[in-house]
Amino acid sequence: MEEISRENPSATLELMGLDLGNLSSIRKFASKVKSRNPAVHLLINNAGVASFNEELEKTSDGFELHMGVNHLGHFLLTNLLLDNLKAGAPSRIVNVSSSTICVSNLKLDDLMMERFKGPTRSLGVSRLPYNNSKQATALFTKELAKRLEGTGVNAYAVCPGIVNTNVFRDASPTEKLVTKITIALNGIPVEKASLGVLYCALSRKCEHESGNVYRTGAVFRRANEQITSQDGEELWEKSCKLVGI
């Protein structure tokens, strides 16, 4: 906030607490946002977790950690703010996904991977639970766009790329080495990665598009082939029941 204030002295900033792994925290946060901002013009769901533990972890509500935070947390928050986003139309919702959805194995009848018996490691530097949560993000975006048709609110999912951040800090030494090599070969700095998110948030080029996955300022066709309207609708219904809406 201090850095933004230095660069933009006229900016009005507010810091608010939010735990996306706790449904009660999300509801309290959304209530404050709704009361202070009757019209919301842009919501960027950027937060997320990547765990490298061999055992599946859970949120305080009992959800698998990645599915609970990366998908269900954003799903509930977005739904609670929809009226404000509609009041602020034309407005946009940007959900940060990942190209790892191309190596995911999401089972809609086992979202929390309770029946999963195989290794959680996958191709690349991420784990399967993370990949699945990011596919859920893309499916959520597709269904959200369908439900928001005619409201002036557009929804986008975006893969920012392999970004040199500390998200891999809990990886094993071997995974950290693979990550370091991958970032050296294909990684991009945070500043460049943010441009892909800002494209979906601000560009006029995609103002008449909604529901797609993007990467580097263009539709990410391979990722879009991984998501279907039928799966998006089924995930939506299951997600509603899980978060109680």
Side-chain angles (χ1 to χ4, degrees), residues 1-5 8 10-51 57-97 111-112 130 133-134 136-158 167 194 197-198 200-202 210-211 232-245:
M1 289 178 68
E2 291 175 353
E3 182 180 348
I4 293 172
S5 294
N8 302 273
S10 62
T12 300
L13 308 173
E14 184 175 4
L15 181 65
M16 297 172 62
L18 169 63
D19 179 358
L20 284 165
N22 184 293
L23 298 183
S24 177
S25 174
I26 296 169
R27 292 183 185 279
K28 290 177 182 177
F29 173 84
S31 179
K32 290 179 181 179
V33 172
K34 289 170 70 70
S35 63
R36 300 177 190 181
N37 304 276
V40 175
H41 304 286
L42 175 62
L43 172 63
I44 299 179
N45 290 316
N46 177 71
V49 294
S51 172
E57 299 175 74
K58 292 187 177 182
T59 68
S60 59
D61 297 294
F63 303 134
E64 189 280 316
L65 181 64
H66 300 84
M67 192 60 64
V69 173
N70 299 351
H71 167 57
L72 291 174
H74 288 142
F75 177 85
L76 175 60
L77 177 61
T78 301
N79 273 280
L80 293 176
L81 296 179
L82 279 183
D83 287 341
N84 301 63
L85 285 155
K86 292 175 182 177
S91 54
R92 301 188 188 189
I93 301 165
V94 181
N95 297 320
V96 177
S97 184
L111 288 177
M112 306 306 158
Y130 174 86
S133 73
K134 291 303 183 178
T137 296
L139 288 169
F140 160 48
T141 304
K142 189 176 187 67
E143 180 64 16
L144 178 64
K146 185 173 71 173
R147 291 171 180 260
L148 289 175
E149 285 182 5
T151 66
V153 185
N154 286 357
Y156 308 82
V158 57
V167 71
S194 68
V197 178
L198 291 173
C200 292
L202 303 171
S210 189
E233 184 175 349
E234 183 177 346
L235 177 64
W236 184 284
E237 298 301 329
K238 289 180 180 293
S239 299
C240 284
K241 292 179 181 178
L242 288 168
V243 301
I245 59 173

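Residue numbers start at 1 and run along the sequence shown. Note that these values count all heavy atoms, side chains included, but never hydrogens, waters or copies made by symmetry.
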For Asn84 and Asn37, which heavy atoms make the closest approach, and how far apart are they? ND2-O, 2.9 Å
Could you tell me whether a side-chain N or O of Ser210 sits under 3.5 Å from a main-chain N or O of Val153, the two making a donor and an acceptor? no
How long is the gap from CD1 on Ile26 to OG1 on Thr78, to the nearest 0.5 Å? 9.5 Å
Arg92 side chain vs Ala155 backbone, donor-acceptor pair below 3.5 Å: no
Roughly how far, to the nearest 0.5 Å, is CG of Leu76 from CG of Asn22? 10.5 Å
Side-chain (Ser97) to main-chain (Lys134) donor-acceptor, under 3.5 angstrom: yes
How many angstroms lie between atom OG1 of Thr12 and atom CD1 of Ile4, to the nearest 0.5 angstrom? 12.0 Å
Judged by atom type as modelled, is there a donor-acceptor pair below 3.5 Å linking the side chain of Asp61 to the main-chain atoms of Leu23? yes
Over all heavy atoms of both residues, which pair between Ala47 and Leu20 is shortest? Give the atoms and the distance, please. CB-CD1, 3.5 Å
Grab the two heavy atoms, one from Ser25 and one from Asp19, that are nearest each other, plus how far apart they are. OG-N, 2.9 Å
For the pair Lys86 (side chain) and Gly152 (backbone), establish whether a donor and an acceptor sit closer than 3.5 Å, ignoring hydrogens and angles. no
Assess the residue pair Ser133 and Asn70 against the criterion (side-chain hydrogen bond (donor to acceptor under 3.5 Å, both in side chains)); give the C-alpha distance rounded to whole Å, side-chain angles, the decisive distance to 0.1 Å, and a yes or no. CA-CA 6 Å; Ser133 73; Asn70 299 351; 3.1 Å; yes
Side chain to side chain, Val96 and Thr137, heavy atoms closer than 4.5 Å: no
Asn46 side-chain N/O to Asn95 backbone N/O, donor-acceptor pair under 3.5 Å: no
Asn8 (side chain) donor-acceptor with Ser10 (main chain) under 3.5 angstrom: no
For the atom pair CG (Asn79) and NE2 (His74), what is the distance rounded to the nearest 0.5 Å? 13.0 Å
At their closest point, which heavy atom of Tyr130 faces which heavy atom of Ala50, and how far apart are they? CD1-CB, 3.9 Å
If you compare all heavy atoms of Leu65 against all heavy atoms of Ser51, which two are closest, and at what distance to 0.1 Å? CD2-CB, 4.1 Å
Run the side chain to side chain contact (heavy atoms under 4.5 Å, CB included) test on Glu64 and Leu111 for me, step by step, so that the C-alpha distance in whole Å, both residues' side-chain angles and the decisive distance to 0.1 Å come before the verdict. CA-CA 8 Å; Glu64 189 280 316; Leu111 288 177; over 6 Å; no
Are there over 12 heavy-atom neighbours, none belonging to Lys28, within less than 6.0 Å of that residue's NZ? no
May I have the step-by-step check of side chain to side chain contact (heavy atoms under 4.5 Å, CB included) for Val197 and Ile44, ending in yes or no? CA-CA 8 Å; Val197 178; Ile44 299 179; 3.9 Å; yes
Which residues satisfy the side-chain contact (heavy atoms from CB on, under 4.5 Å) test with Ser31, sequence neighbours excluded? none
Between Ser91 and Ala87 (side chain of the first, backbone of the second, donor and acceptor by atom type, cut-off under 3.5 Å), is there such a pair? no
Heavy atoms only: give me the nearest Gly21-Val69 pair and the separation to one decimal. CA-CG2, 3.8 Å
Where the side chain of Lys58 meets the backbone of Gly68, is there a donor-acceptor pair that is under 3.5 Å apart? no
Output a table of donor-acceptor pairs, distance under 3.5 Å, between side-chain atoms of residues 233-245 and any protein atom two or more places apart or on a different chain; print 'none' if there are none.
from: Glu237; atom 1: OE2; to: Arg147; atom 2: NH2; distance (Å): 3.1
from: Ser239; atom 1: OG; to: His71; atom 2: NE2; distance (Å): 2.8
from: Ser239; atom 1: OG; to: Leu235; atom 2: O; distance (Å): 2.8

To the nearest 0.5 Å, tell me how far Ile93 CD1 sits from Leu144 CG. 4.5 Å
Applying ring pair (Phe, Tyr, Trp, His ring centres under 6.0 Å) as the test, list every pair that has at least one member in residues 12-48; sequence neighbours left out. none
When you measure from the side chain of Thr151 to the backbone N and O of Leu148, does any donor-acceptor pair fall under 3.5 Å? yes
